Structure formats: structure tokens, C-alpha cells
Engineer: 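Right, I'll just put the structure down here and ask away after.
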Amino acid sequence: MEKTFDSKAIEQRIYQNWEAKGYFKPNGNKDASTYCIMLPPPNVTGSLHMGHAFQQTIMDTLIRYRRMNGDNTLWQAGTDHAGIATQMVVERKIAAEEQKTRQDYGRDAFIDKIWQWKEQSGGTITKQMRRLGDSVDWTRERFTMDPGLSKAVQEVFVRLYQEDLIYRGKRLVNWDPKLRTAISDLEVENKEIKSHMWHLRYPLADGAVTNEGKNYLVVATTRPETMLGDTAVAVNSNDPRYKDLIGKFVLLPLVDRRIPIVGDEHADMEKGTGCVKITPAHDFNDNEVGKRHNLPMINILTEDACIREEAEVFNTNGEPSTEYSTYIPEEYRNLERYAARKAILAKFEELGLLEKTEDHVLQQPYGDRGGVPIEPMLTDQWYVRASILAKPAIEAVEDGRIQFVPKAYENMYFAWMRNIQDWCISRQLWWGHRIPAWYDEKGNVYVARNEEEARKLNNLGADVKLRQDEDVLDTWFSSALWTFSTLGWPEQTRELKTFHPTNVLVTGFDIIFFWVARMIMMTMHFMKDENGNSQVPFKTVYVTGLIRDEEGQKMSKSKGNILDPLDMIDGISLEELVTKRTGNMMQPQMAEKIAKRTRKQFADGIEAHGTDALRFTLAALASTGRDINWDMKRLEGYRNFCNKLWNASRYVLMNAENKTITRPDAKDLTLADRWILSRLQIAVKDLRSALDNYRFDQAASVLYEFIWNEFCDWYLELTKPVLWHGSDVNKNATIHTLLRVLETLLRLAHPIIPFITEEIWQNVAPLVVDNFKADSTIMLQDYPAYEENLVDSKVMSQLDFIKQLIINVRNIRVEVQVGPSVKLNALLKATEEDAATTSANIDFIKALANLESISVLAADAEKPLSITKLIGETELLIPMAGLIDKDAELQRLDKEIAKLVGECDRINKKLGNESFVAKAPANVIDKEKEKLAGYTAQLNKLKEQYQSIKNL
RNA sequence: GGUUGCUUAGCUCAGCUGGGAGAGCAUCUCCCUUACAAGGAGAGGGUCAUAGGUUCGAUCCCUAUAGCAACCACCA
């Protein structure tokens with residue numbers, strides 16, 4: 001074996017073997033319990049980021065753990081077509097390479113182009129998942145636009161429509177003028193921007209005047225350009241300044257539109273001027289006001305947010321209306337919205353109608369994909385009546401059929417679900433599931449699984465021309481069906497029956513609303529058990545935090561702080577890293593800054609750490625669902641840990657080499673052997689409990705602690721005296737124990753660090769596993785079970801004493817500055833038990849503490865001048881008359897005595913406190929008393945030592 | 001504006017139902033000892049954000065404050 005673990009070469013070889021042998025498939029055991037995790041489908045053309053690596057490490061750990069437990073285990077994987085994101089990528093690509101738009105291509109050709117792109121780049125992320133060691137059943141990989149899944153989407157749409165849970169309507173939606181599509185509320189991000197508040201004068205009509213005698217009202221607005229679509233001015237009905245004007249009219253400047261003054265609670269007397277311009281077609285609040293007052297809606301914008309040549313006028317129900325003129329002054333026509341704003345403000349100024357301009361900070365809604373301000377826009381869209389579907393979905397979490405880990409996220413879920421708005425599911429895109437609705441020439445709509453069915457169901461003859469709805473569905477519509485569509489629904493497949501409901505969903509909190517909530521709603525509506533009760537999609541939602549950079553910043557391309565998990569695994573040179581971070585940027589001006597920072601932070605690039613180190617780090621950081629600030633040091637530490645395990649294994653294998661090792665008699669085991677076997681059981685117990693409770697951080701620390709601090713630091717050292725000087729039976733017993741413990745802990749650690757454990761196991765298992773089969777794999781071995789009867793607490797306390805003894809000798813060496821190579825003589829004034837332990841294990845003690853001799857003094861023996869330490873009630877003495885630095889030793893003892901006196905005082909005070917004695921529980925009082933007794937005994941011995949040294 | 005979470009060693013974070021705080025990294029000292037210098041043996045380091053309260057006892061429970069973060073809503 002090499003001195004270090006060559007992760008790159010070994011990992012890929014191992015993974016290929018696993019996959020080729022079909023180890024990732026369910027075992028099909030009908031008697032076993034089933035365990036299923038659905039991979040949140042990543043964007044098919046995307047690539048792996050830290051969040052994926054994090055979540056997948058957790059999923060793979062759970063899956064491997066369950067698989068080793070014998071469960072019939074399925075990790076279902078697949079990818080998402082990611083409608084907007086993918087379409088944008090391809091649009092950018094054809095723009096850059098061919099100077100073409102999707103319209104140049106035409107719908108069908110453009111979609112073909114996307115499919116080509118998908119074929120070409122679609123494998124990236126699944127390849128990366130393989131590098132992570134993900135044990136997903138690749139034979140069942142799915143894609144949201146597969147025929148099967150598309151059928152599920154269609155079926156769900158049609159059924160929901162038939163149940164009146166999907167409807168079409170002309171409503172105000174969040175419109176992305178760059179992508180020219182509607183988006184859902186969730187896809188809107190508010191950004192704080194500096195802008196202005198403009199106060200505009202609207203002249204009163206019919207000679208009306210305000211209380212103050214003015215012949216105009218002043219409205220305050222941040223969006224003056226929308227005034228072209230105003231259909232009212234609202235004032236508060238209780239506002240003494242204006243209430244008399246309610247029912248009168250203003251004459252809207254520029255278009256001379258006579259519009260009413262209405263009284264509405266929306267107008268806040270405290271804010272602005274108290275008068276609000278009402279633009280029902282371009283503002284959500286105004287739209288509500290419009291409904292309350294039966295106001296017409298005037299759409300003045302095109303789908304790319306330019307001023308129309310002619311407005312569209314609708315009545316309050318969205319039907320075309322002639323109540324107002326569609327006239328728009330020529331000077332504003334076709335102006336982009338912000339140019340229009342400028343022009344309109346200029347005109348108001350010119351007319352003397354711009355009363356004032358104030359600085360104003362406002363939250364402006366932006367499309368999360370397009371990155372431009374969204375525009376509330378009056379369009380025909382499809383909606384899901386989410387509030388109805390939400391009801392059972394809320395109940396399922398309330399009554400615990402679905403549990404969130406950490407639980408705190410349930411509140412977030414409830415808050416959103418209890419106030420859920422209808423979900424706009426149509427998108428004016430080309431890439432996605434086309435809406436299965438057809439229109440005849442009169443505009444009647446027919447929803448069906450296909451055109452033929454539409455005709456048949458509605459008795460439409462061949463002479464009726466039908467055209468399919470142009471729009472596609474929101475990507476999240478198909479992802480919402482993920483748990484059952486991937487298993488074959490609407491067919492009643494065996495997989496669906498076996499694996500649904502699934503067990504755990506591992507995902508980020510950022511998509512609880514986008515995905516988790518909608519998945520629960522859709523699944524519970526469509527999936528029923530044999531009794532007709534709703535099935536949940538999963539029983540547990542494990543919510544991870546976000547992985548941020550070392551400064552706590554979100555990782556993003558534009559910030560140039562992205563870390564690629566593959567680079568942590570394989571390493572990357574500085575130049576490549578800089579190129580990667582600065583290449584293909586949306587804002588090239590940032591490139592220099594990013595390059596500079598990257599060069600500073602990663603002066604030597606990134607070293608290869610191996611998959612296992614990355615996975616172990618991610619597990620160790622997975623604590624409470626909090627965000628994680630990524631720390632390269634942590635990764636290095638755990639890479640060292642993997643190396644430690646590797647070298648410990650080398651030690652074990654070197655000692656087992658060319659020897660016939662047989663199962664030893666129990667009596668031939670040394671104390672150290674028996675101790676590590678006990679200690680191993682405790683690790684097994686702790687690790688199982690950590691994994692059962694989704695505490696991957698605890699699992700990692702149990703492994704780290706056991707492997708490094710117990711197995712390597714103590715046990716391996718304790719085996720050396722046996723292997724070098726011990727009897728043959730002891731040697732055999734110790735080597736056997738080394739192999740047995742190593743083999744067990746490899747299985748224990750395998751779910752988190754699969755590669756290194758497999759590689760070592762292949763060498764260790766043949767030496768210790770009964771009936772070892774040549775082509776077996778660690779991933780299908782039994783996960784270690786806790787065996788309580790193997791835990792010997794007496795052995796553990798004996799070894800604990802030995803450890804303390806050795807540590808104290810080492811401490812003395814440092815205190816008196818005697819190097820570790822100098823052999824010392826030690827004496828003990830020991831309790832009967834400690835004396836027995838010492839003499840039975842004298843070789844261990846002598847070897848690890850590097851002692852020439854150690855002997856137990858008789859109870860009444862004179863104590864020679866020594867440096868002395870206390871181990872419980874036993875005194876350790878190192879006679880070293882000439883070596884003692886009297887002052888230093890006295891000082892040290894002083895310090896220790898003072899500390900103990902302090903402790904004793906505190907406890908005495910506590911025990912003297914009447915209310916403490918009266919009210920504290922008995923066991924707490926006993927504990928304090930015990931402590932006091934112990935401290936007092938120690939104190940006395942220390943004082944004795946102090947005296948003897950002082951008398952020197 | 002509302003909600004939730006966070007504030008513990010220089011850094012990153014654990015700390016289960018209240019009984020005088022732990023890890024890794026970093027720092028300091030000594031050691032290339034036949035598994036490992038990506039190592040070994042030791043050491044130092046904390047008013048548990050602040051102020052009140054409940055309690056015999058508070059890092060933990062309650063209230064308020066400050067700072068940070070996220071989410072939701074809204075600002076015409």
C-alpha cells in the first residue's frame with residue numbers, strides 16, 4: 001500500500017465497478033422494509049454546485065446506511081428541464097453564435113435546438129454525481145420531459161381542470177418584460193432601489209375645488225408613466241381634506257380622460273398626499289381598488305414594457321370595453337417604459353403640473369431569471385386553485401404525517417400555505433410541457449389529453465379548426481409530481497406500489513415553497529392508498545442550509561466566489577480557477593476584481609482532497625439546518641483524517657501480512673483488545689443513533705473521535721508492545737482484534753466515506769471475514785449492529801486508569817523538561833484495584849509512558865522525594881530528587897491547590913445554602929457531596945506534597 | 001412593517017429535557033520514535049451579545065434591547 005490514498009485513481013475505478021455490478025439497484029427483497037429517496041432533480045444542463053454536493057452526500061449516506069441495513073432501497077434520480085433557465089441558455093447561445101433569436105428559428109426548430117443542447121450537455125451533472133459516489137439507480141434515471149412524465153403532467157392538468165381546480169382567467173400577473181412571460185409570485189425578488197416620488201397635479205373636472213380652494217388634486221406616485229392608464233383617483237372616505245370630492249371627477253392630463261374620484265380604504269391619509277392614482281391594469285393594489293369600484297382597466301404597455309400605440313380598454317371583468325378611448329398621445333407611443341417616464345414627467349413639468357420630486361427608496365420587484373423589473377400586466381393565464389389543494393397538505397404536516405427536520409421550518413411552511421395565492425402556471429415560453437388546451441375560432445377552450453380527445457369529448461367535427469394553447473407549464477408544475485411520476489404514474493406500476501410514499505426528501509429551504517409545498521399538494525390530491533386516503537409524497541423533509549463562502553456570502557457566478565465541489569475533489573490550479581471564475585461573465589467589469597481576490601485567497605490553487613474528504617466535511621458541517629460558511633481548513637482537516645485512516649490500515653495490514661490469523665480464545669485477548677472492542681460497540685451505538693436522527697455532524701464526530709483518538713492514538717500504540725514483544729497467542733489475538741475492529745469500523749464509516757472504506761476493506765476483509773467471497777463489496781455488507789453484551793465497563797475503567805497514568809507521566813516530563821526518550825522510574829501509591837490493574841498491564845504502561853520500571857509502594861512505605869500526580873485516589877510518583885525545580889513545583893502545586901480550594905468553597909457554600917438542600921433533587925445533592933469528598937481527599941494529598949517539597 | 005432564526009475560544013461551529021462549557025482549525029512548547037510530519041506528545045485561551053426576570057441554581061426558560069441573517073407583506 002502507498003503511503004497516501006490516491007483518491008483520483010481509486011475512486012473512479014471503484015465507482016465503475018459498483019455501477020457495472022448493479023449494486024445500486026433495489027435488492028428486491030419482499031420481506032425487507034423499503035426505503036426510498038427522490039433526488040431533487042437538478043437542471044439537466046446544469047452542473048454540480050456545493051449545495052448539490054451537500055444534499056447528495058446526505059442522501060447517499062442515508063441510502064447506503066439503509067441499504068447496508070438490508071432495506072429494499074431505491075434512490076431515484078433524474079433531471080429537470082428547467083424551463084426558463086434552459087431556454088435562456090440556448091437563446092443566449094444562438095444569439096452569440098448565430099446572431100439569431102428564437103423567433104428566427106421558429107418554435108419547432110428552436111425546441112429541436114434545445115433538445116440537441118440537452119443531449120450534448122445533459123450528461124455533465126450525472127457524471128459529476130458519479131464522482132461524488134452517489135449510489136443512485138441509474139437504470140431508472142428520469143427526465144421531466146420524458147414521455148412517461150409528460151403523460152403524467154398532461155393527466156394531472158386535465159383532471160385538475162375537470163375538477164375546476166385549474167382555470168383560465170384574465171388577471172394581473174407578474175410579467176417579465178425581458179423574457180416576455182408571466183412568472184409566479186415566488187419568482188419575484190424585491191430589491192431596494194433609490195428612486196423618486198413624484199407629486200403630480202390632476203386638475204379637477206367640472207369646476208370642482210378642494211377645501212383649500214385648489215382646482216386640482218395632487219397624487220404622489222413612483223410610477224408616473226402609468227398615469228396613461230389611470231381610471232380613478234382614490235382618497236380615503238374619512239379624509240376631511242378630500243371626502244367631499246368623492247363622486248366628482250378629475251381630468252387626467254395628457255389624455256384628457258375624465259376619471260372619478262373614489263373613496264377607498266387603500267388611500268392612506270398618512271402617506272403621500274392622501275390621493276392615489278388608480279391604474280388597475282398596472283398595479284396589484286390598484287387592481288383591487290378597481291374591482292371594488294367597478295373601474296375599467298386600461299392596458300398601456302406592450303409585452304416588452306413599451307408604451308402601446310393604442311391602449312386596450314377592458315371593463316372590470318376583463319372584457320373589452322368602449323368606456324374609454326384607446327388613444328395614446330403620439331409622442332409616447334413605442335417608448336420604453338423608463339423613456340416614457342422621462343417624457344411624461346417633462347410634459348407635466350412643462351404644463352406646470354409637476355408639483356415636486358422627492359428622493360425615495362423603494363422595493364422594486366425584479367424577475368429572478370430575467371433580472372429586470374417585473375411589470376404587473378393584464379393577461380390571460382392559467383391558474384391552480386392552490387388554497388383548496390393546500391388544505392390537506394397543511395393537515396399532513398400538522399398531524400405529523402410529514403415532519404420537517406429541523407422542525408422550525410414547519411412554521412414557514414404553515415405561514416405560506418395558510419395564505420397561499422392561486423398559482424399562475426402558464427408561461428409564455430417554448431421549452432416545457434405545452435398546455436393541453438385547444439381553442440376554436442370563437443375562442444372556446446377545450447382541455448383534453450390530445451386534440452383528438454378534445455374533438456371527441458366536445459363533439460367537434462373535422463370542420464372546426466382547433467389550435468393548441470401556445471403556452472407551456474411552469475417547470476415546478478412537473479416537478480410537483482416528481483415522487484409519483486418517476487415511479488410510473490398514471491400507470492399503477494410495481495415500483496409505485498413498492499416505494500411510494502417515499503421516506504425522506506433532502507432539500508434546501510429555498511425551495512420549500514417552490515417545490516416541497518407544491519409536491520405535497522399535488523401528491524396528496526392524486527395518490528391514494530388502498531383505503532382511498534391521501535398518500536404523502538414523503539414522511540420526512542430534511543432541510544439543509546445554504547453553503548456560503550468563507551465570508552458568509554452566497555456563492556454566485558456574478559460574485560465570482562463559486563467553489564466547484566469537483567475542484568475540491570480533484571484540485572485545480574490557480575490559473576484554471578481564475579479562468580473558471582471570470583470566464584463568460586454577465587458583468588465583465590467585475591472580472592479583474594474577482595481574479596485579484598481569487599489569486600489572494602488561493603495563491604496555490606486548490607489541492608486535491610478526494611471525494612471522501614469532501615463528503616466527510618459536508619457531513620460534519622450538517623448540523624442544524626443553518627447556513628454553512630465554507631471553510632477550506634475544515635476540508636483539509638478531514639482530508640488528513642482520511643489519510644489517518646489509510647495509514648492506520650497500513651499498520652494493521654503490515655502486521656497481518658504473511659501470518660495465519662485465527663479466531664482467538666477470549667482469554668488470550670489483552671486488556672487493550674477487550675477495551676477497543678467495548679469502545680467500538682459504543683461507537684456503533686452512537687453512530688446509529690446519529691444517523692437515525694439525521695445528525696450527520698454527530699455521526700462524523702463519532703467516527704473522527706473513535707478512529708483518531710481511540711483507535712489510532714491509543715489502541716494502535718497499545719498493540720505495539722504486544723506485537724513486538726508479546727507471546728504468540730497474544731499476538732494472534734491482537735492482530736485478530738486489529739483486523740476485526742478495522743473491518744467493523746470500515747463498514748461503520750462506509751455510508752459517509754464510501755471509497756476509501758471500500759478500498760481498504762477489499763484488503764482487510766479477506767483476512768478476517770468468514771467465507772469471504774472474492775467479488776464482494778463493502779456496500780452490501782451488514783451495517784454493524786450494537787451488541788450490548790460486548791461492552792465491558794470494568795475493562796473500560798481499567799484502561800481509563802492506564803491512560804490517565806500514562807498521560808500524567810507525559811505531563812511530568814513536560815513540566816520538568818525531561819525529553820520523551822529518557823526512561824523514567826515510577827512509583828505508585830495505589831488503591832487495591834489500581835494496583836492490580838497496573839501490575840497486570842505493566843508492559844503497556846512501561847511502553848507508552850517510556851518507563852524503566854513502575855512499582856507499587858506498600859501502604860505504609862515512605863514516599864521518596866518525587867514529582868507527584870493524582871489519578872483519582874492513586875498517587876503517581878516520579879522520584880527525581882536532583883531534577884526538581886523547587887520553586888516551580890511549589891508554584892504549580894499552589895495553583896492546583898488554589899483551584900481545588902475554590903471548588904471546595906463553592907460546593908460548601910452550595911451545600912450550606914438551606915434552600916438548595918431543601919429544593920434541589922437528591923441526586924444533584926449527592927453528586928455535589930461526592931465531588932466535595934473527592935476534592936477534599938485530593939486537596940489533602942496535594943497539601944502533603946507541598947509540605948514535603950517545601951521541606952527540601 | 002410582520003415572522004422566524006442566530007449572537008458560545010482568534011476563526012468555523014457543537015452543546016439533548018436548566019446542575020459551573022466542548023471539538024476542529026489557528027497559536028505556543030517539545031519530538032523526523034520502525035502506520036501516518038497531511039504526524040506524535042503537551043499547553044494556553046471563554047463575564048456563553050447586553051439588561052432585567054423566573055429558579056436553590058440560567059449558556060439553556062421568560063421579557064426587553066442591540067447587532068446580524070433569512071422569509072413574508074407593503075410603501076400610491
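This one's a predicted model, so the numbers in the text were calculated from it and none came from an experiment. By convention in this document, chain letters (A, B, ...) are assigned in the order of the sequence lines, proteins followed by strands, and residues within each chain are numbered from 1.
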Engineer: Return the set of residues passing salt bridge (Lys or Arg N to Asp or Glu O under 4.0 Å) with A:K407 (not counting sequence neighbours), or none when no residue passes.
Structural biologist: A:E410
Engineer: Please write out the pairs of protein N or O atoms and N or O atoms of nucleotides 69-72 of chain B separated by less than 3.5 Å, giving the distance to one decimal.
Structural biologist:
none

Engineer: Going by atom types alone, do A:H293 and A:D264 pair a side-chain donor with an acceptor below 3.5 Å?
Structural biologist: yes
Engineer: In dot-bracket, 5' to 3', how would RNA chain B read with Watson-Crick or G-U wobble pairs under 3.5 Å, [ ] for crossing ones and | for pairs to another strand?
Structural biologist: (((((((..((((.....[..)))).(((((.......))))).....(((((..]....))))))))))))....
Engineer: Please produce a list of atom pairs where a protein N or O lies less than 3.5 Å from an N or O of nucleotides 15-18 of chain B.
Structural biologist:
{"unit_1": "B:G15", "atom_1": "OP1", "unit_2": "A:R695", "atom_2": "NH1", "d": "3.2"}
{"unit_1": "B:G15", "atom_1": "OP1", "unit_2": "A:R695", "atom_2": "NH2", "d": "3.2"}

Engineer: For nucleotides 33-48 of chain B, give me one character per nucleotide, 5' to 3': B if any protein heavy atom sits under 4.0 Å from the base, S if the only such contacts are to the sugar-phosphate, - if neither.
Structural biologist: --BBSBSSSSS-----
Engineer: Going by ring pair (Phe, Tyr, Trp, His ring centres under 6.0 Å), name the residues that satisfy it together with A:H199, two or more places apart in sequence or in a different chain.
Structural biologist: none
Engineer: For A:Y409, answer base if it contacts any base atom (sugar-phosphate contacts may also be present), sugar-phosphate if it contacts only those atoms, and nothing otherwise; contact means non-hydrogen atoms under 4.0 Å.
Structural biologist: nothing
Engineer: Can you name the residues that form a ring pair (Phe, Tyr, Trp, His ring centres under 6.0 Å) with A:Y935, not counting sequence neighbours?
Structural biologist: none
Engineer: I'd like to know if A:E189 pairs up with A:K191 as an ion pair, taking the criterion as any Lys NZ or Arg NE/NH1/NH2 lying under 4.0 Å from an Asp or Glu carboxylate oxygen.
Structural biologist: no
Engineer: With a cut-off of 3.5 Å and sequence neighbours excluded, list every side-chain donor-acceptor pair involving residues 699-706 of chain A.
Structural biologist:
{"unit_1": "A:S701", "atom_1": "OG", "unit_2": "A:D697", "atom_2": "O", "d": "3.4"}
{"unit_1": "A:S701", "atom_1": "OG", "unit_2": "A:Q698", "atom_2": "O", "d": "3.1"}
{"unit_1": "A:E705", "atom_1": "OE1", "unit_2": "A:N709", "atom_2": "ND2", "d": "3.0"}

Engineer: Starting at the 5' end of nucleotides 1-10 of chain B, put B wherever the base has a protein heavy atom under 4.0 Å, S where only the sugar-phosphate does, and a dash everywhere else.
Structural biologist: -----S----
Engineer: For nucleotides B:C48 and B:G18, find the distance between their C1' atoms and express it as a whole number of Å.
Structural biologist: 14 Å
Engineer: Tabulate protein N/O versus nucleotide N/O from nucleotides 53-63 of chain B, keeping only pairs under 3.5 Å, one per line.
Structural biologist:
{"unit_1": "B:C56", "atom_1": "OP1", "unit_2": "A:K919", "atom_2": "NZ", "d": "2.2"}
{"unit_1": "B:C56", "atom_1": "O4'", "unit_2": "A:S915", "atom_2": "OG", "d": "3.4"}
{"unit_1": "B:C56", "atom_1": "O2'", "unit_2": "A:N913", "atom_2": "ND2", "d": "3.2"}

Engineer: What residues form a salt bridge (Lys or Arg N to Asp or Glu O under 4.0 Å) with A:R341, not counting sequence neighbours?
Structural biologist: A:E225
Engineer: Tell me every residue that passes ring pair (Phe, Tyr, Trp, His ring centres under 6.0 Å) with A:W630, counting only those two or more places apart in sequence or in another chain.
Structural biologist: none
